[in-house]
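What follows is a single structure, written as C-alpha cells, with notes after it.
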Amino acid sequence: MPSRRRRPEALAGEALVRQFLDHAERLAGARIPDLVAADPARAQAMALRVGPVYASFARQRLDAPTLATLGELAGHVRLSLALRALVDGAEVNVSEGRPALHTALRSAIGRSEVAQRAHADALAARERMAGLVASLRESGVTDIVNIGIGGSDLGPRLVVDALKDFNDGRFRLHFVSNVDGSEVQHALRGLDPARTAAILVSKSFGTQETLLNGEVVRDWLGGGERLYAVSANVAAAEAFGVAPERVLPMWDWVGGRYSLWSAVGFAIALAVGMDGFEALLAGAGDMDAHAVEAPLEANLPIRHALVAVWNRNALSLPTQAVLPYDQRLAHLPAYLQQLVMESLGKSVRSDGRAPGVATVPVVWGGAGTGAQHSFFQALHQGTDVVPADFIGVVRPAHAHRGNHEALLANLLAQAEALGNGHAAEDPQKAYPGNRPSTLFLLDELTPHSLGALLAMYEHSVYAQSVLWGINAFDQWGVELGKRIAGELLPAVRGEREADDAVTRALLAEIRAHR
C-alpha cells in the first residue's frame, strides 16, 4: 500500500488522490470472501458482458465505493475523450509524432479524415491480401513459413493456434522468429521446398533476425519465387528477391504489437480463410465501439484498466498472471507480455517527468490445467500475492464432454481457492487466500470472440497508459541492446576487440571453446 508521503500525483488531482489512498487504507485488512458475503448482489454487480465476452471482477480486492472513486479517476483524466482521440487519429504517440490507428484496420469508427483515410488504405490492402490468399490456395503450396519477430510473430502465432479448429487443412503454418538457427532448421525439417511458401514480415525490412532467417529460407527454397513480404519498404523487399506484387503494406501509424489486424495477419488469413479473418476484425471492431461509446461504469476495457492500476498502485502488486483455461490460448501470456510490457514499460511520462508511481507489472502465466502442476503452488502459498486474469471458454470445439467439465471445474476451483483460501491447523496446509482475480468467459472460442478479447486488452493497456501519463506506443527501451549487438558483431567474428571488460572476457571464453 502506498504511503501518504508518496501519493500517485500522476494519476489525478490532489483531492482524488486522497480518496484513492483512503480506500486503500480502508480496505487494507479486507478479505475477498468477506467482501463477497457482505454484498449479496456483488457477483452480478461486478460483472460485465460485451457480446461473447463476460468478465467477473467480483474477486478483486475492492468494493462499490472503490469502484466509484476509480470511475471518478477515469473521469478526471478524461479517459473517454482519450479513447475517442485514439480512434480519431490524434498523435497519441508523442515521442514519434504519430497516431496509433490500429482500430482503423478493423472498423470505420474513427471520425477524422486521417482515420477514414487509414481505414480506406486498410481495406485496399485487405483486398490485395485476399487475392494472394486465393492464388496460394490454387498453387499447390501446402506449407507456409511465417518469418518475423515481436509483433510480426506473436500475434499471428497466437491467433493461428487459437483458431486451429477453423483451419480447413489447406495449409500447415510454421513460425520462425528467433535468430537462433536451431529454430529455422527445425521449422524446415520435413518440409518440401517445392510445396512451401514463406512470408517475411518486417516494417523496415531491416530487422536482423528476420533477414537472417529469410536468407536461410530463400536459399532453401531455391530463390524468391514463393517468397512473400509484409513491409513498408518495398524496394528493400524487392532487392531481397520478393516481387513487388507479392509485398503487402505496413504503415508507421501501426505499432508491431498492434499489427495482427493488418497484412501482418496474412498468415492468419491463410489459416482460417478471409471470412475467418474478417470475423476476427469484426469482433475487434465491436469491442472498439464498446470502448468508445459505453459509459465509464459499464465499460469493460476501462474497468479492466482501473482494476489493474488499483492492483499496481493501491495494493502494490508487482506482477500479473494470465491463465487461459483452454489449450488453444496457450500463446496468450506471451502475446500479452509484449502488449503490456512493451507498451507500459516506461519510467518517464510523456511530458518528461517521472510518473511518481510504479507503472508496468511483470506479466507471465501459462495454460491451465498444466500450469496448476507447475507454478500454482507459488500463487496459492507463496509470499508474493499475484493478481490473475483467468480466461475460460463455455462451449468447446470438441465432443469430449467429460474433459471439458473437468477443465471448467478446475478453472472455477482455482479462482475460488485463490480468493477464499483455506484454514488448517497445520500452517503448511493452510491457504491464505485473498488473492485477487478477474475471470473472463468466452461463449465459444471463435474468430469473433477472440478478436473482441484481444481488442479489450489493447484498450485496457491504452487506458492504463493515460492514467499513468505515459506513451503506450513507443518502445525506445528495446533499441539500446540492438545497437550494442550490432557494434559487437565484428567482435564476435574476431575482427576487433570489445570495449567492455566483462564482454572481452566472455568473448575469450567463447573463442576458447568454439
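For clarity, every value in this text was computed on a predicted model and none was experimentally measured.
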task = Could you note down all residue pairs passing ring pair (Phe, Tyr, Trp, His ring centres under 6.0 Å) where residues 418-438 supplies at least one of them, sequence neighbours left out?
result =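 Output for this query lists His380-Tyr431.
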Could you list the donor-acceptor pairs under 3.5 angstrom formed by side chains in residues 267-276, with sequence neighbours left out?
none

Show me the donor-acceptor pairs, under 3.5 Å and distance only, between side chains in residues 322-330 and residues at least two apart or in other chains.
{"from": "Tyr325", "atom 1": "OH", "to": "Gln372", "atom 2": "OE1", "distance (Å)": "2.6"}
{"from": "Asp326", "atom 1": "OD1", "to": "Arg328", "atom 2": "N", "distance (Å)": "3.0"}
{"from": "Asp326", "atom 1": "OD1", "to": "Arg328", "atom 2": "NE", "distance (Å)": "2.8"}
{"from": "Asp326", "atom 1": "OD2", "to": "Arg328", "atom 2": "NE", "distance (Å)": "3.4"}
{"from": "Asp326", "atom 1": "OD2", "to": "Arg328", "atom 2": "NH2", "distance (Å)": "2.7"}
{"from": "Arg328", "atom 1": "NH1", "to": "Asp165", "atom 2": "OD2", "distance (Å)": "2.9"}

task = Determine which pairs satisfy side chain to side chain donor-acceptor pair (under 3.5 Å) with at least one residue from residues 390-403, sequence neighbours left out, and list them in order.
result = Arg395-Glu444, Arg401-Glu405
query = Can you pull the side chain to side chain donor-acceptor pair (under 3.5 Å) pairs that have at least one residue in residues 41-67, sequence neighbours excluded?
reply =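 Output for this query lists Arg26-Asp63, Arg26-Thr66, Arg49-Asp443, Gln60-Asn311, Gln60-Thr438, Asp63-Thr66.
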ask   = His459 and Asn299: side-chain donor and acceptor closer than 3.5 Å?
value = no
request  = Indicate whether any N or O donor in one side chain lies under 3.5 Å from an N or O acceptor in the other, for Tyr462 and Ser343.
outcome  =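 The answer is no; no qualifying pair exists.
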task = Supply the atom-to-atom distance Glu458 CD to Leu86 CG, rounded to the nearest 0.5 angstrom.
result =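 Those atoms lie 9.0 Å apart.
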Can I get a per-line list of side-chain donor-acceptor pairs under 3.5 Å for residues 152-159, giving both atom names and the distance, sequence neighbours left out?
{"from": "Asp153", "atom 1": "OD1", "to": "Arg157", "atom 2": "NE", "distance (Å)": "3.2"}
{"from": "Asp153", "atom 1": "OD1", "to": "Arg157", "atom 2": "NH2", "distance (Å)": "2.9"}
{"from": "Asp153", "atom 1": "OD2", "to": "Arg157", "atom 2": "NE", "distance (Å)": "3.2"}

Only counting residues at least two apart or in another chain, list the ones meeting side chain to side chain contact (heavy atoms under 4.5 Å, CB included) with [X].
X	value
Ala424	Lys429, Ala430
Thr319	Val362, Trp364, Val386
Ala55	Phe57, Leu300, Phe440

request  = Kindly write out the residues that satisfy ring-ring contact (aromatic ring centres under 6.0 Å, His included) with Trp310, not counting sequence neighbours, or none if the list is empty.
outcome  = Phe20
Which atom pairs, donor and acceptor, lie under 3.5 Å between side-chain atoms of residues 334-342 and protein residues at least two apart or in another chain?
{"from": "Gln337", "atom 1": "NE2", "to": "Val363", "atom 2": "O", "distance (Å)": "3.0"}
{"from": "Gln338", "atom 1": "OE1", "to": "Gly151", "atom 2": "N", "distance (Å)": "3.4"}
{"from": "Gln338", "atom 1": "NE2", "to": "Glu342", "atom 2": "OE1", "distance (Å)": "3.3"}
{"from": "Glu342", "atom 1": "OE1", "to": "Arg257", "atom 2": "NH1", "distance (Å)": "2.9"}

note = For Glu479, the side chain to side chain donor-acceptor pair (under 3.5 Å) test, sequence neighbours excluded, returns none
